[in-house]
Amino acid sequence: MLEIIKYNEDEYTFPSLLVLGCFDAIHTGHAELLKQAKLQAKINGLDLGVMMFTGGKGGRQVCNFEEKQELLEKFNVKFILAIDYSEDFKATPANVFLENIESKINVKGYMSGRDFRFGQGAKAKSATLKAYAEDEENGIWYMPVKDVTYVGEKVSTTLIKTCIENGNLVKAGALLGRPYSVTGFVIEGANRGKGLGYPTINMKYPVEKVEVKKGVYKVVCLIGEEEFIGIANYGARPTFNESIALLEVHLDGFVGTLYGRGVTVNFIEFLRDTQKFDSEEALKEQLKIDLQRAKLKV
């Protein structure tokens, strides 16, 4: 398990390489930085640590803190420098931020993306860290890593959020290097799906996660160690005059009940907008078409 080191409180005494950044999505750009950091830590005999904001920088997140921990373990990260993105922290001058880190953590080197900004007003950048490391009194080295692009666009959390909110889950998945996912507990619904021949599991959409566009999706769900292809509707159910947004998922080939169990829903592709059907039979026919489309691309 990763060790959680609270900024300006906890200590970490083993010589370390600390990766600086927001890491609010752990996307392909972050992955490239972490791969290189993992290599540099091994070469230099250092423990690898990653800076991270505990609750993100405000607003809905692509990955919550627990999801990020799981992803970071793949890169042999030993500890997370957990920071509360508070008003006090945002007002901290860049030099004080580095001094605070080094008063508690035995930092020998820093790495970051070239676009990293930090300190009061986000005025300090990669060049600031380079100048800091070149000061022989500090005894610190610094290595920047260039940006990663996708079809000519810089990979960023902002771009990923836009894709998710607009229903472009194929592109979001390419930028992330994995499908965008949400995890939640199954709750009891109205059981209409069973009567239609398409039983569903029902979940409340996590309030901390970026919302996908309302509509119907191809999904792959993880239940324990098993994966199931399915179709999911997120939003209202106009055919039944219900406006409260809910995530409903039909799992192809699953038999049983899952009330109270945790399920991870991976969004693969947007299929269509939510529609109001004239009858349950018309809805049933459309669900058949949706599931066939989802199963075509496995």
Side-chain angles (χ1 to χ4, degrees), residues 4-12 16-37 40-41 46 48-65 68 72 77 79-150 152-162 175 210:
I4 307 300
I5 304 298
K6 293 181 181 178
Y7 169 72
N8 223 16
E9 292 183 31
D10 300 332
E11 295 185 350
Y12 197 89
S16 302
L17 167 60
L18 183 62
V19 185
L20 301 176
C22 295
F23 294 96
D24 36 14
I26 316 294
H27 51 58
T28 53
H30 294 141
E32 180 59 29
L33 172 56
L34 291 166
K35 285 176 189 175
Q36 294 196 36
Q40 289 301 320
L46 303 174
L48 181 58
V50 173
M51 163 190 163
M52 189 175 294
F53 296 119
T54 51
K57 295 176 71 176
R60 290 177 177 256
Q61 302 175 64
V62 177
C63 299
N64 62 34
F65 194 73
K68 293 175 196 175
L72 288 178
V77 174
F79 68 92
I80 291 173
L81 176 61
I83 301 174
D84 178 15
Y85 194 66
S86 63
E87 293 302 318
D88 285 345
F89 174 77
K90 287 188 280 186
T92 304
N95 64 313
V96 175
F97 169 62
L98 295 174
E99 288 168 5
N100 288 344
I101 289 174
E102 292 165 29
S103 70
K104 300 289 185 180
I105 299 174
N106 187 8
V107 179
K108 298 300 181 185
Y110 291 111
M111 290 182 69
S112 76
R114 290 189 184 277
D115 65 344
F116 176 61
R117 299 289 185 271
F118 67 105
Q120 189 174 27
K123 294 177 181 177
K125 50 189 178 180
S126 180
T128 309
L129 283 166
K130 184 175 183 293
Y132 178 81
E134 288 175 349
D135 186 339
E136 293 182 0
E137 291 185 7
N138 293 324
I140 303 287
W141 56 267
Y142 168 65
M143 180 183 295
V145 175
K146 66 180 181 180
D147 297 334
V148 171
T149 60
Y150 174 79
E153 291 182 282
K154 176 190 163 187
V155 177
S156 70
T157 301
T158 300
L159 178 57
I160 292 167
K161 285 183 175 181
T162 299
L175 296 168
V210 178

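Both backbone and side-chain heavy atoms feed into the values below; hydrogens, waters and symmetry mates do not.
The two residues I160 and A25 make their nearest non-hydrogen contact at CD1-CB, 4.4 Å. Minimum heavy-atom separation, I4 to A82: CG2-CB, 3.8 Å. Taking both residues in full, the closest heavy atoms of A37 and V19 are given as CB-CG2, 3.6 Å, listed atom of the first, atom of the second, then distance. The shortest non-hydrogen separation linking S126 to R114 is CB-O, 3.5 Å.
Between the D135 side chain and the E137 main chain, a donor and an acceptor come within less than 3.5 Å of each other. A donor-acceptor distance shorter than 3.5 angstrom exists from the side chain of T28 to the backbone of L175, with no hydrogens or angles considered.
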Check your understanding: Run the side chain to side chain contact (heavy atoms under 4.5 Å, CB included) check on K108 and L17 step by step: do they pass?
Key -> CA-CA 6 Å; K108 298 300 181 185; L17 167 60; over 6 Å; no
Practice item. Under the side chain to side chain contact (heavy atoms under 4.5 Å, CB included) rule, what do F116 and L129 come out as? Steps first, then yes or no, please. Key: CA-CA 10 Å; F116 176 61; L129 283 166; 4.0 Å; yes
Practice item. Please assess Y12 against N106 for the test side chain to side chain donor-acceptor pair (under 3.5 Å), listing each intermediate value before the final yes or no. Key: CA-CA 6 Å; Y12 197 89; N106 187 8; over 6 Å; no
Check your understanding: When you look at T157 and H27, which way does the side chain to side chain contact (heavy atoms under 4.5 Å, CB included) test go after all the steps?
Key -> CA-CA 8 Å; T157 301; H27 51 58; 3.8 Å; yes
Exercise for review: Verify side chain to side chain contact (heavy atoms under 4.5 Å, CB included) between V155 and T149, making sure each step is shown before the conclusion.
Suggested key: CA-CA 5 Å; V155 177; T149 60; 5.7 Å; no
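In this structure, Y110 and Y132 have side chains that are in contact, with non-hydrogen atoms separated by less than 4.5 Å. Y142 is listed as a side-chain neighbour of S112, based on a closest heavy-atom distance under 4.5 Å. Two residues are said to be in side-chain contact when any heavy atoms from C-beta on lie closer than 4.5 Å; L81 and I105 meet this criterion. Contact annotation: the side chain of M111 approaches that of V145 to within less than 4.5 Å [non-hydrogen atoms, C-beta and beyond]. Under the 4.5 Å side-chain criterion, counting only non-hydrogen atoms from C-beta, M51 is not in contact with I80. Within the 4.5 Å cutoff, no side-chain heavy atoms of V96 are placed close to those of L98. For the pair E153/L159, a side-chain contact is recorded, criterion being any heavy-atom separation below 4.5 Å from C-beta on. Residues I101 and V107 meet the side-chain proximity criterion, which asks for heavy atoms closer than 4.5 Å.
Counting heavy atoms of neighbouring residues, nucleotides and ligands inside a 6.0 Å radius, atom NZ of K125 does not exceed 12 of them. Within a 6.0 Å sphere centred on NZ of K90, heavy atoms belonging to other residues, nucleotides or ligands number more than 12.
Residue T92 holds its OG1 atom at 10.0 Å from CG of N95, rounded to the nearest 0.5 Å. Taking CD of E11 as the start and OG of S103 as the end, the distance is 8.0 Å to the nearest 0.5 Å. The line from CG of L46 to CG of L18 is 11.0 Å long, rounded to the nearest 0.5 Å. In this structure, K104 NZ and I5 CD1 are separated by 11.0 Å, a value rounded to the nearest 0.5 Å. To the nearest 0.5 Å, atom CG of residue L48 and atom CG of residue L34 are 7.0 Å apart. H30 NE2 to L72 CG: the interatomic distance, rounded to the nearest 0.5 Å, is 10.0 Å.
For the pairing with F53, the ring pair (Phe, Tyr, Trp, His ring centres under 6.0 Å) check across F118, Y85, F23, F65 returns one residue only, Y85.
With no hydrogens or angles considered, no side-chain donor-acceptor pair links Y7 and D84 at under 3.5 Å. Using modelled atom types and a 3.5 Å distance limit, the side chains of E32 and Q36 yield a donor-acceptor pair.
Ion pairing between D24 and K68 fails under the 4.0 Å rule for side-chain N and carboxylate O.
A centroid separation of less than 6.0 Å is found between the aromatic rings of F97 and F89.
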